[in-house]
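Every value quoted in this text rests on a predicted model; they were computed, and no experiment measured them.
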Amino acid sequence: MFDLSSRTAKLVFGGTILLIGFYLFFPIYWMIISSLKANEELYQVLPTFFPRNLTLSHYWSLMTESQLGLYLLNSLITSGASATINTILAIYAGYSFAKYRYPGRQPIMLFMLSAQMFPFGLLLISIYPVMTDFGLLDTRPGLILSYIVFALPVAVYMLYSYFSQVPDELIDAARADGASDFRIFHTIVIPISIPPIVTVFLYSFMWSWNDLLYSMTLIVSEDKRTIGPGLLLTYLNETNADWGGAMAASLVVSAPIVAAFMFLQRYFIQGVTAGAVK
Amino acid sequence: MTDVMQAPGRLDYPVSPHARKGGLQAAQRRIGMLMLAPAAIAFSIIILYPFVQALGLSFFEDTLQTIEPTFIGLANFKAILTDPETWQSFGITVVYVGGATIGTVVLGLGWALILNQPFRGRRVIRALTIMPWVVPSTVSAFVWAWIFNSRFGVINGVLLELELIDVPQAWLSTPEGALAAVILTRIWRSIPLFMAFFLAGLQNVDQEQIDAARVDGAGNSAILRDHLLPHLRPVLIVVVVLGVIGGLQDFDTIFALTGGGPVRATSVLSISVYRKAFEQWDIGMASAMGVLWVATLLPPAYFYLRMLVKGR
Amino acid sequence: ADLSWMGYSYAEESAKPSVEKIIAGFTAKTGKTVEPIPSAFGDLQKNVFLRARSKTLPSVVQISERWLPSLSKLPGLVDYNTVFGKENLEKIYAPEALAMGQIDGKQLAVPLMSGSIGMVANQAALTKAGITDLPTTVEEFKADLVAIRDKVPNSVPYAMATKNNSDILVDFLTWEYVFGAHVIDPEGKVVVDSDASRKALAFLVDLMKERLVAPEIGRPDARRLVGQSAAAFYLDAPQSRTFLRSFSGQGPAFDANIKPMQVPVVKAGDTPVSIQWAHLIISFAQNSPPTKEDANMQFIAYLGDDAVETQFPVEQSALPGTKSARANPVVASDAYLSAWAKNNTHPRRNEVGIWSNGGELTDILAQEVQAALLGQKSADEAISSMSTRMKASMTKAGHAQ
Amino acid sequence: MAKLELSGIRKSFGAVDVLKGIDLTVEDGEFVAFVGPSGCGKSTLLRLICGLDEITAGQMAIDGEIVNDVPPAKRGIAMVFQSYALYPHMTVAGNMGYALRLAGVPKEEIHSRVAAAAKVLRIETYLDRKPRQLSGGQRQRVAIGRAIVREPRIFLFDEPLSNLDAALRVEMRIEIARMKEELGTTMVYVTHDQIEAMTLADKIVVLNGGTVEQVGSPLDLYNKPVNRFVAGFIGSPRMNFLTLGARKADNVHAVSGGEIRLAAKLSEAPAEIGIRPEHISLTARGAPDSLAGKVTMTEHLGSDTYAYVALDGSQDVLVVRLSGEKAIKRNEPIGVHADPGMAHVFSAAGLSLASARPVSLEAA
Amino acid sequence: MAKLELSGIRKSFGAVDVLKGIDLTVEDGEFVAFVGPSGCGKSTLLRLICGLDEITAGQMAIDGEIVNDVPPAKRGIAMVFQSYALYPHMTVAGNMGYALRLAGVPKEEIHSRVAAAAKVLRIETYLDRKPRQLSGGQRQRVAIGRAIVREPRIFLFDEPLSNLDAALRVEMRIEIARMKEELGTTMVYVTHDQIEAMTLADKIVVLNGGTVEQVGSPLDLYNKPVNRFVAGFIGSPRMNFLTLGARKADNVHAVSGGEIRLAAKLSEAPAEIGIRPEHISLTARGAPDSLAGKVTMTEHLGSDTYAYVALDGSQDVLVVRLSGEKAIKRNEPIGVHADPGMAHVFSAAGLSLASARPVSLEAA
Ligand SMILES: Nc1ncnc2c1ncn2[C@@H]1O[C@H](COP(=O)(O)OP(=O)(O)OP(=O)(O)O)[C@@H](O)[C@H]1O
Ligand SMILES: Nc1ncnc2c1ncn2[C@@H]1O[C@H](COP(=O)(O)OP(=O)(O)OP(=O)(O)O)[C@@H](O)[C@H]1O
Ligand SMILES: [Mg+2]
Ligand SMILES: [Mg+2]
């Protein structure tokens, strides 16, 4: 897009890369470095930018002492499941909004979308008794269902946005070939919509993955705790302030998801580019 | 239609045995509604019903003392609206959401522009950029809290080293510092998502249009101002919606980073509602606060979104 | 399970085995099973509250003494007097510990362990600053702090709680008492607006100005600082030892540095101040009315047994709540615990936390103190604003001012 | 194998009437082309025949059965879309076999029918590729293949060649001609392209503004257009139109650069005459039966030369098509001779007054 | 007002050589068309001239000044893009005035220059519309208008009409011809379309695989192609090629259905002869100077008739173009007579052996 042949252009470009790059990546570097410092080096007023002694002690203690693996697993299960449910619901709703006409279609869609502004904390107050009534309090299914709150509306919108761009001719062709509406959707539309679906899945996933509020409230058993509260309760809380451990744990819990994202981000960008948001 | 078919002078044929009743359009309508149903049901149970219930609760006094709520009309709203803390919360929310959204738009756009430019190592940087977004929000709060830490934080360390300050500063203990920190953290976390949207927008730019502008004599800044920004307008609109939603609903980072303090400097609405409900046990008041929030946001949101959906 | 026990100790890595021991012991003795429900300390009140709303209250809950008033209205809360008889309880429990569980003449809680929040010094830090004697008056205290500040680089001489509302409350209350001030009187009148209060707060603000205390320190941070000998004093419960051992990374070897001491007084001879602290046990009736045969009442009875009381509190570095356990040699011979008991003879009530609107009061107090410490308000302004806001809150909670 | 009968077909989208009553019969085995300007409703009509949209009013019958409410797949119809509408995630074989799979045809049969169609279309070697790995022409073939394997009673094509470049278009046109020959199925073909319609169709339907202007064989339309619209629409370069001036005698009218003598006096007043570029030749100025003008521009294609002649005393420009390469001086006075037997006369309402072929055109 | 000189221009994208040394001079005021198959480098060359891409090697001069490193806006060049590349968010006037605005031309002058250009292009009434509110042809005009207002020394067009439908294409072609006449500016025009190139250009450059095959006037290329590629590329329907068989005498070769007699014996062995469809006629079987075959297919356009003739004993099919409407029986023995003076002879390497025009083609 830009012509970088001039010196000023090069300078501005380089300067911006450094500035934003530093902002984005320094914290990550710092997290890694801090996790590798022994406590004596960590708790210093003048920090060292390159640790003098690398130690895996924080990692060692989190492996042996904490329940991090369990929290991580719980988070992956609940976030994964809720993102899946969310995506499935949103796929149908988005397609319905995009390709069918019926009374109330647009107001319903807009209302759903606006609902994304309802304060989650407020909803939680009433979700809690609902979950209790269904016996879902302190259960993974309960948490998973509650997580629908976070992203369903936006997920519906994103897929609506994408499906609107799927050419009608393609659907007509399948109809002429004798496919029913559901058949068309399942065998034609969904297979060609993988990138946007991945995008929506990841977007939903991230909301649940980040959640602190719901899981802190709806889950009390430690064996079902997710990483948000898990980290907070293990490392920085009323009785503890273990920064080195917190950094190491942060890295460990981030690793699988970062790896997965590295793999999926191509689809993610593709999905957005394909019109998941427009 | 039937009357047409019976119109005189028309050839009369037997109706094909495959013909279906009700015609095409009715069938389509039914299928459309059927597909919407699961999401609509989930939405009603998990979002709408709790909201309606909260709406009801906002007219009750429902605190720890009153296990059975008592109806008190608009008293909660009156109490909230006359409480300076409410207004403070609204103010802080505006600063927080506004600051974070603007900051993220600017930096996310800048980063997208950079990553849209071919250079060596671009792929790697693009892949790494996703990181701040995918680390759990608790983690990002940890990292920034650690960076801002008054005793062992790197900011203090660097400033001390450079002798710009002579004693460590407690950044998170000043209202400005704490607000800045939560905003910086929020921006840091959302840059990747915004970047992805902008990048996607940029990848849809018609290269011929940019070429045409170059031939017309446009330099880099003119390309940005006259072509890229107008092109990105729709993306910008969406990104702002997502940014505002994300900012308003953000609880995790702030809660883990400052807990809403010092004093109440970072008590945005989501934190205030939580506090009211789960620390002070005043459900009625918390509901009223939430209802007020929705009442403020819903109408503009609805119209903005309608514009978004229609303007496509 | 026959009963469920929600508690925070079970959520803490270090205390969990001790809890499991209690449960195993109970099951062995009665054949009844206990379902432990862990809940983080900070979340416990919320969890109880939400469970009350959804009518899924556990049968037994471990709570902190200052939450009792706010939980006292919950339906089904057992008055132990009606089950065990007042006299029986008085026979078993130490009076000051039992008193913490009483509200309006009802015995709503019994102590699991008790003690006080008092001051702890770090010998290593004192030595570095060349201080040989522990300070007894406020003046000496401040002089020592200055010495530490100057001799121990990058230290926080007094790791006072300056973040985290409930931590600030305890520290501030302590100094209020030291200066002879009160926040709320026993009748629920807010009396914080006094010269003594102003003096107390001004003293703390002064410490901050002199960089003898630091902002952004909560209890855990304080423990870390002390554990690393970067702070010389702080306020904590006797459990302090357990934490410091762990935070210093030295384990029991660090015990030599942990010095329980008396909180400094304004003038020599004054009674040193400390604040009551306990872990209490409340129960929700399994039958109406509750009887001794109920599983949860059997459990309560078991908790007063020496088997529990000589084990659990000691492992947590705290005093048992029963008379017999206190007399038990295991407890009596623990040097640290006895030193602690000796230094903090007359713990006082937490006069803020005990009200039903304790959460709000704590917030107000902490916010105002913080505002003063951070220089956003003068000490005077903070105290009068605290007074006004607390009065409003108390009025609303039904305590005429 | 099917006869298609439309009677009184109407289609409205909301308040907009797109088709305003179409009556049409397509005989069994006939190849019918729909032509007409953009937006005239060609695609809409095709979609109605296919069953993709609901007919607002009227009746449609295939082989004597009313199919108004029959879903597309049950009509025995296959359609080839303008954008091909290939399923991008399926292989060529998958695309072609999709309809059969849906119909529950056994695997082996699908396989053999796909293979047979692929052979006809010479795409056997691409069967395992995805559409995006194919060139435009190959995609087009797959789209046709998808229609063929279903062995439909009627084929529908919506501008199937419009996305191809000129050379490929010629090639695929010949392909379709071959297919029509081989299959002998009833076909309805929408096109923008003159040549396609003229060369492929047995019968052309000219649509305009939602109504049928004329139905007939290609040469019928070319030689005997019923109105000015059809006359101007069919043929390239398009027919020249000359406005008639004052009536000089019963059957003599003034035109730019001369006058025109009609074979007979007409009851209805003639307004314009039309002459195709290939029916005009250049002569010396003043030659008998010629109008006066001058050449303002020429275009040399090698095989043909187009001369643009401005008639004296008017703004009318006649396009003249001359065979082969002709050297023509520009801006010199010249005569144009139009073959009067090939000219057409139109009324003010645009109707062709077929009986009034002019007998001569001459300079005044 | 400008002369453009390219010498030894090369362009590589990475390891791919797209242009392999182009030498070309475009005289002041000349209209040059680039034609060639897809992917031959036409657009690339145009982009180099415009300055949008960097020249890998070689030199480019405008009016004698080397401009290799001059940015596009400073070359005095305007370009009309295939997709028009209008700025979608600016009005028509904004689009047209954009370059002037960037150049700091005062508002009133921009206004008057835009108005003037709009008048020339007859788009005055659309000046306040956004591009998406315009039809294809109107957009095309705006794109040209945007180029005109800059008063460039050289106009570049990249397939400007390829997105228009047939009728509009004809109209706009005439428009461009008029513009060329009026402005007299140097123009370089890339096209796929035979007719555009033939009718508009003073000089056609045929590109193939990154090199120039032939440069010359349209009729030069049509009549004297230097090689088989150019012969086949120029002219529509394209030239028929017949493979020569065994040499029967010094200057007599076998071809399908007969033999060919060349004017002289050639030093280089001839391999093929080429005859354009318009230079062939149908005769009775066995007529003198004719080859034997039969008509397999006919296409009737009204103005022309195409006959596809399969020559006896081979798979070669000759396309024959006959003027007007001809009724032709299919699959009956027939003779084809080719005008031998119009035939071309090519060597095995595809070079035109211009000296060897055949004297006759006859049935064996
Ligand atoms: N779904 C629709 N809703 C409203 N109007 C429609 C719809 N589909 C088509 N139209 C209108 O119907 C008219 C005919 O459209 P149609 O697509 O049949 O034209 P067409 O003859 O195929 O044109 P083209 O040659 O450009 O493809 C147009 O004016 C169009 O705007
Ligand atoms: N940026 C690029 N990177 C690599 N290869 C390129 C690039 N641009 C063009 N090419 C290649 O250069 C060759 C010539 O492309 P060019 O666009 O000039 O062809 P063209 O003659 O304009 O074709 P068309 O008629 O299809 O427009 C093509 O093979 C193309 O793939
Ligand atoms: Mg159409
Ligand atoms: Mg090109």
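Heavy-atom contacts from other residues, nucleotides or ligands closer than 6.0 Å to NE2 of E:His192 number more than 12. Surrounding CD of E:Glu109 are more than 12 heavy atoms belonging to other residues, nucleotides or ligands, all under 6.0 Å away. By the 6.0 Å contact criterion, CZ on E:Arg178 is enclosed, its count of non-hydrogen atoms from other residues, nucleotides or ligands being greater than 12. Atom CD of E:Glu54 is surrounded by 12 or fewer heavy atoms from other residues, nucleotides or ligands within 6.0 Å.
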Can you check side chain to side chain donor-acceptor pair (under 3.5 Å) on B:Asp226 and E:Tyr98, steps first, answer last?
CA-CA 10 Å; B:Asp226 296 340; E:Tyr98 184 63; 2.6 Å; yes

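Closest approach of B:Gly217 and E:Ala73 over heavy atoms only: CA-CB, 3.1 Å. Across all non-hydrogen atoms, the minimal contact from B:Val215 to E:Arg150 is O-NH1, 3.0 Å. Here the closest heavy-atom approach between residue B:Asp206 and residue E:Ala85 is recorded as OD2-CA, 4.2 Å.
Once rounded to the nearest 0.5 Å, the distance linking CD of B:Glu208 with CE of E:Met79 reads 7.0 Å. The CZ atom of E:Arg146 sits 5.5 Å away from the CG atom of B:Asp216 when rounded to the nearest 0.5 Å.
For E:Leu86, the part sitting under 4.5 Å from any heavy atom of chain B is the backbone (N, CA, C, O) and nothing else. Proximity to chain B (any heavy atom under 4.5 Å) is restricted, for E:Arg47, to the side chain, taken from C-beta onward. Only the side chain of E:Leu52 comes within less than 4.5 Å of a heavy atom in chain B; its backbone stays farther off. Neither the backbone nor the side chain of E:Ala147 has a heavy atom closer than 4.5 Å to any heavy atom of chain B.
The candidate with the highest count of non-hydrogen atom pairs below 4.5 Å against chain B, out of E:Ser83, E:Pro71, E:Gly51, is E:Ser83. Between chain E and the residues B:His231, B:His227, B:Arg214, the most heavy-atom pairs under 4.5 angstrom are made by B:His227.
Contact of the E:Pro88 side chain with the B:Gln209 side chain is registered, since non-hydrogen atoms from C-beta on lie closer than 4.5 Å.
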